[in-house]
Number of protein chains: 2
Amino acid sequence: MRIEQATIKDIAQELNISISTVSRALKDYPRISSNTKKKVKEVAERLNYRPNAVALSLRKSRSFTIGVIIPDVVHFFFSTVISGIEEVASSRGYNVILTQTNERFEREKSNINTMLGNQIDGFMISFSKETKDFEHFTKLLDRNYPIVFFDRVPDIENAVNVVVDDYQGAYDATTHLISQGYKKIIHLAGPKNLKICFERERGYRDALSAHGITIDESLILECPLGVPEESKKIVYDLFQELEIKPDAVFANNDMVAVGAMMACRELGFQIPKDIGIVGFSNWQICSILEPSLTSVYQPGFDIGVKATEILLDLIENKTSIDQIASPIVLKTELMIRNSSKRLF
Amino acid sequence: MRIEQATIKDIAQELNISISTVSRALKDYPRISSNTKKKVKEVAERLNYRPNAVALSLRKSRSFTIGVIIPDVVHFFFSTVISGIEEVASSRGYNVILTQTNERFEREKSNINTMLGNQIDGFMISFSKETKDFEHFTKLLDRNYPIVFFDRVPDIENAVNVVVDDYQGAYDATTHLISQGYKKIIHLAGPKNLKICFERERGYRDALSAHGITIDESLILECPLGVPEESKKIVYDLFQELEIKPDAVFANNDMVAVGAMMACRELGFQIPKDIGIVGFSNWQICSILEPSLTSVYQPGFDIGVKATEILLDLIENKTSIDQIASPIVLKTELMIRNSSKRLF
DNA sequence: CAAAATAATGCAAACGTTTGAATAGCCCTA
DNA sequence: TAGGGCTATTCAAACGTTTGCATTATTTTG
């Protein structure tokens, strides 16, 4: 039914030589006469020969494939990371197997297992929101299996982590709001078990303190789902409740910031005149919104690139875990737009 | 260095039986005594045995892996499709290898080639904007290689195509604008060699004709890049130029629609009062924009699901190409929002 | 011209499985 | 007690490569 791919054997048969000669001819071994090489390559070309990567994998116990495990493909940030991963991997001759966990712990474990069966050369992981236990990672790390974590990284020894400077990004964002004259700044936080969220909150807190503003815990609100509807309601309710209204929002991500914008609009507040808003991630939408949304740019593509480069270097033994200063922290950049520009 | 995975051989050695017995015991062959089965499974468990998928692939000439080739991961629509693909594939025990072409013809070809080497069981392809020649597809199809095309599909015999009803979506969108009293409707088109764009334009044209509006070719403008900046300029220039201003825009995608919105805003037109705008794709941003953007919903996830189901059925010989009524057309849905609601 | 040196090729094992065919026990029967 | 019929197990080939070692063919050397 399905037509067979030509193999090295077919070439050998056709030329009446041994398969080892063919193999060597194709790889330009010096010991093979240039005449044979020429003939072999001709036939290979003619039969449209492609080496069977599976056989190669088996022989070499290397698959030239890396496994990527992320919570959700449909997420601007992650898709930019994937793009970076794919770029580096393919340029260095590696394939990328992709699975998403949909934020489920069980799927994370089972995905890792099937990939292990597939003789993956290494993993790139950003773990799920449900993941609190890291044993499935440590078991692999103990066996010297190459893993690079990115964005959502675990707090375990010997893990190579590539992250964005969430703390500094949040610090800069908050400082920017303060410098624009905003004083009572809400923080819409994420789940604290995610380090990234924790760090963003810490940046917010430190920025306030550094500018002599006392931290009001009631202004720190958790938005666990991270969707606009949720944060809209939270902000709306808070404003109804408080007598002295806040004058700014620093949101843990752009979607949450958008919800805050919606709430403000419905409450009749002007952005940025009455309320300043800053998001996090710098999605495409930021520049499209009205007013455009100030946000902290996370270099997703670069994270993918950097993390993959390290992983491949580990796989190819060009470096070792103890030579890597983990975490690798990539710079964020505050993209100032209209939602927070009160002074000119 | 790296610790070895246990193999069937290790189990055999430990129990002093042959590897074939182990293999059969693990698969519950009836001829194996339940005693041996029990012992084998125990040892397998203890050694944390996982079958080597690579060896299996080689033996069976099947890799249980499908290759996905898309232009760009960082694209809301494609990422939803991927999500659907991943979902079905993983539930049916398949891996997904992902590559992007970045809209390059050469990368499309080379990606296909490396995947072929990896003994991929089948392909899911949405081709690049540069692709005009389909020989690299037909060569595979002639060899009975399972391929399912989605979204950007080629016009070749025997291809299985899964698409969205672009024509109907565009027709509905245009009809909606007409029903809201808009008369002079611009169409911001995409590159015509992409069937989807052609179909959208056709839907636009037919809707106008069906409502007795003569088509004004000067109102059909191509936006090849499909980014807001481009369409903004195009719309802005057109409005400057024309004496009798258009009163609506039907854009070939949401980003292009956003550009049109920006242009209108700068020109001082009110949306939807002066100008109605409809986009295509129904990205997340649509409901967030101010005014919210009417758009044609494309079921990306469902496309991924449907396309993958067909591909796997083809791979597993549960169906054959001539049993499939290609193209499979999935319904779109017009999501009416404020950008086009002039009547109440 | 025999032996040594060199060049070119071939053999066979290995990677981890599956699987058709062969074999080893064992009990039963005539 | 030879053979038949089971059951449980083993052998060995195959999937497509790579690669250390052996072999053959060719040339050089004394």
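In this text the structure is predicted, and so the values were computed from the model without any measurement. Quick note on labels: first sequence line is chain A, next is B, and so on, each numbered from 1.
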Tell me, please, which residues at least two apart from [X] pass salt bridge (Lys or Arg N to Asp or Glu O under 4.0 Å).
X: B/R92; result: B/D313, B/E316
X: B/E42; result: none
X: A/K37; result: A/D28
X: A/E86; result: B/R107

Distance, rounded to the nearest Å, where [X] contributes [atom1] and [N] contributes [atom2]:
X: A/L116; N: C/dG16; atom1: CG; atom2: P; result: 15 Å
X: B/Q13; N: C/dG16; atom1: CD; atom2: P; result: 12 Å
X: B/Q119; N: D/dT17; atom1: CD; atom2: P; result: 8 Å
X: A/L56; N: C/dA14; atom1: CG; atom2: P; result: 19 Å
X: A/L58; N: C/dA13; atom1: CG; atom2: C1'; result: 13 Å

Any residue of residues 15-32 of chain B with a heavy atom less than 4.0 Å from an atom of DNA chain D: B/I17, B/S18, B/S20, B/T21, B/R24, B/R31, B/I32

Selection: residues 35-55 of chain B, any non-hydrogen atom under 4.0 Å of DNA chain D: B/T36

Proximity to the side chain of A/S33 - top-ranked nucleotide from C/dG16, D/dA8, C/dA8: C/dA8

Non-neighbouring partners of A/S23 that pass side chain to side chain contact (heavy atoms under 4.5 Å, CB included), sequence neighbours left out: A/I8

Phosphate contact (D/dA14 OP1 or OP2) by B/K60 side-chain N/O below 4.0 Å: no

side-chain hydrogen bond (donor to acceptor under 3.5 Å, both in side chains) contacts in which one or both residues fall within residues 153-162 of chain A, not counting sequence neighbours: none

Residues in ring-ring contact (aromatic ring centres under 6.0 Å, His included) with [X], at least two apart?
X: B/F123; result: B/Y145
X: B/F105; result: B/H136
X: A/F64; result: A/Y94

Flag, side chain of B/E103 to backbone of B/K129, donor-acceptor distance under 3.5 Å: yes

Geometric class of the B/F77/B/H75 ring pair [parallel <30°, tilted 30-60°, perpendicular >60°]: perpendicular

What's touching nucleotides 24-27 of chain D from the protein side, N or O pairs under 3.5 Å?
none

